[in-house]
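Order of listing sets the numbers, starting from 1, for every ligand and every atom in it.
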Amino acid sequence: MRRPAIGFAMTLPAFETRRLVLRPIEESDAQGLHGAYGDTEAMRFWDAPPSVDVAETASRIRQTLAIERRWHGMWAIVARSGGFVGMINYHNVDPRNRRMALGWITAPAFWHQGLMTEAAAAVLAHCFSAMEMHRIEALIEPGNTASRGLAVKLGFKQESDLLRDRLYVGGQYRHILMYGLLQADWASYRPNA
Ligand SMILES: CC(C)(COP(=O)(O)OP(=O)(O)OC[C@H]1O[C@@H](n2cnc3c(N)ncnc32)[C@H](O)[C@@H]1OP(=O)(O)O)[C@@H](O)C(=O)NCCC(=O)NCCS
């Protein structure tokens with residue numbers, strides 16, 4: 001059966017959760033995002049080296065904003081109580097197969113407080129409903145315990161053994177694990193932040 005075209009909104013909506021506001025990222029968020037992109041530990045498992053300065057983080061935001069929302073979208077995550085928490089994005093959108101991948105990062109000061117669980121729950125709901133995705137992926141390095149735990153908490157299943165040398169970052173190849181979450185999994189599962 002031929003499915004109708006995906007009705008992508010070309011702008012990102014904002015979301016409010018219990019402790020957070022998620023809104024489309026802007027170049028003026030560079031200083032805040034640099035708390036994550038400029039931090040060596042936060043970027044240890046990222047697919048690019050840390051930004052050397054706020055200007056490089058601003059440049060990365062500009063590159064993001066230059067891509068159509070159909071293919072890539074990034075939300076700034078801000079604490080209602082104040083403070084720039086991090087960002088969450090979708091990328092690798094494959095409309096034919098109704099598939100995309102998520103990326104997530106928080107600044108170390110906000111780690112392990114349930115904040116990305118809360119942010120990702122809002123984004124997953126949007127991607128599965130408004131964006132009509134069937135499958136959402138997360139590509140995670142085996143040593144990234146926090147990201148693997150987050151994915152499992154959100155209902156993702158680990159679906160692969162090591163995908164060897166899948167990434168080349170900072171002069172080194174890196175192995176990856178594939179995690180996947182289906183719309184049907186999500187419909188029957190709600191993580192507690
Ligand atoms: C991965 C990351 C976004 C998680 O964000 P977070 O806001 O700390 O996540 P949460 O507090 O919502 O935690 C969700 C689950 O992740 C796991 N987790 C988070 N921090 C952890 C830590 N320090 N150690 C072990 N597990 C951790 C746990 O399973 C946790 O569930 P629990 O609270 O029931 O134990 C954050 O650690 C980060 O920014 N890491 C660096 C960037 C990165 O590697 N991004 C992913 C690239 S694939």
Side-chain angles (χ1 to χ4, degrees), residues 15-22 25 29-51 56-57 60-61 64 72-93 99-125 127 135-170 172-181 185-186 189-193:
F15 306 114
E16 290 192 10
T17 66
R18 187 165 65 83
R19 292 174 291 175
L20 302 170
V21 173
L22 279 70
I25 200 147
D29 290 317
Q31 184 74 51
L33 186 60
H34 195 65
Y37 274 19
D39 185 273
T40 310
E41 191 54 26
M43 295 294 277
R44 183 170 159 212
F45 298 109
W46 206 244
D47 62 357
S51 298
E56 187 176 0
T57 296
R60 288 177 169 181
I61 294 174
T64 285
H72 183 47
M74 184 183 290
W75 284 269
I77 305 171
V78 182
R80 285 182 187 233
S81 57
F84 193 96
V85 173
M87 76 82 192
I88 181 164
N89 72 30
Y90 61 79
H91 54 277
N92 285 359
V93 178
R99 186 175 76 212
M100 61 169 43
L102 290 190
W104 41 52
I105 189 167
T106 50
F110 296 95
W111 279 354
H112 218 173
Q113 299 168 35
L115 294 175
M116 192 55 83
T117 304
E118 198 170 313
V123 168
L124 285 168
C127 294
R135 172 183 166 84
I136 297 183
E137 299 178 343
L139 297 165
I140 305 177
E141 289 189 38
N144 195 347
T145 311
S147 194
R148 292 178 68 181
L150 171 67
V152 168
K153 190 166 188 184
L154 291 165
F156 284 76
K157 304 264 190 292
Q158 184 184 327
E159 298 175 334
S160 77
D161 288 328
L162 283 186
L163 304 174
R164 294 174 307 146
D165 288 357
R166 194 169 190 277
L167 285 184
Y168 185 72
V169 184
Q172 285 189 321
Y173 285 102
R174 296 185 183 181
H175 304 327
I176 286 293
L177 298 169
M178 166 76 79
Y179 284 76
L181 179 68
D185 303 333
W186 179 251
Y189 181 81
R190 289 291 177 277
N192 295 315

Which of the numbered atoms in ligand 1 are below 4.0 angstrom from a heavy atom of I105?
39 (O), 42 (C)
Would you mind running through ligand 1 and noting each atom that sits below 4.0 Å from a heavy atom of S147?
1 (C), 46 (C), 48 (S)
Report the relative orientation of the aromatic rings in H91 and H72; use parallel for angles under 30°, tilted for 30 to 60°, perpendicular for over 60°.
perpendicular
Heavy-atom contacts under 4.0 Å between E141 and ligand 1: side chain, backbone, both, or neither?
neither
Ligand-residue contact atoms, ligand 1 with Q113, heavy atoms, under 4.0 Å
11 (O)
So which bit of M116 gets within less than 4.0 Å of ligand 1, heavy atoms only: side chain, backbone, both or neither?
both
Those atoms of ligand 1 less than 4.0 Å from some heavy atom in W46:
45 (N), 47 (C)
Contact (N/O only, under 3.5 Å) between L139 and ligand 1
no
Do the rings of W104 and F156 sit parallel, tilted or perpendicular, given the 30° and 60° boundaries?
perpendicular
Can you check whether F110 has an N/O within less than 3.5 Å of an N/O in ligand 1?
no
From CA spacing to verdict: side-chain hydrogen bond (donor to acceptor under 3.5 Å, both in side chains), Y173, R164
CA-CA 8 Å; Y173 285 102; R164 294 174 307 146; over 6 Å; no
Nearest 0.5 Å please: distance from the CD1 atom of I25 over to the CD1 atom of I61.
4.5 Å
Any N/O pair E41/ligand 1 closer than 3.5 Å:
no
For W75 and F15, take the angle between the two ring planes, folded into 0 to 90°, and tell me which bin it lands in: parallel under 30, tilted 30 to 60, perpendicular over 60.
tilted
On a heavy-atom basis, I'd like to know which of H112, R148, K153 is closest to atom 28 (C) of ligand 1.
H112
Any atoms of ligand 1 less than 4.0 Å from a non-hydrogen atom of T117? List them with their elements.
10 (P), 12 (O), 13 (O), 14 (C)
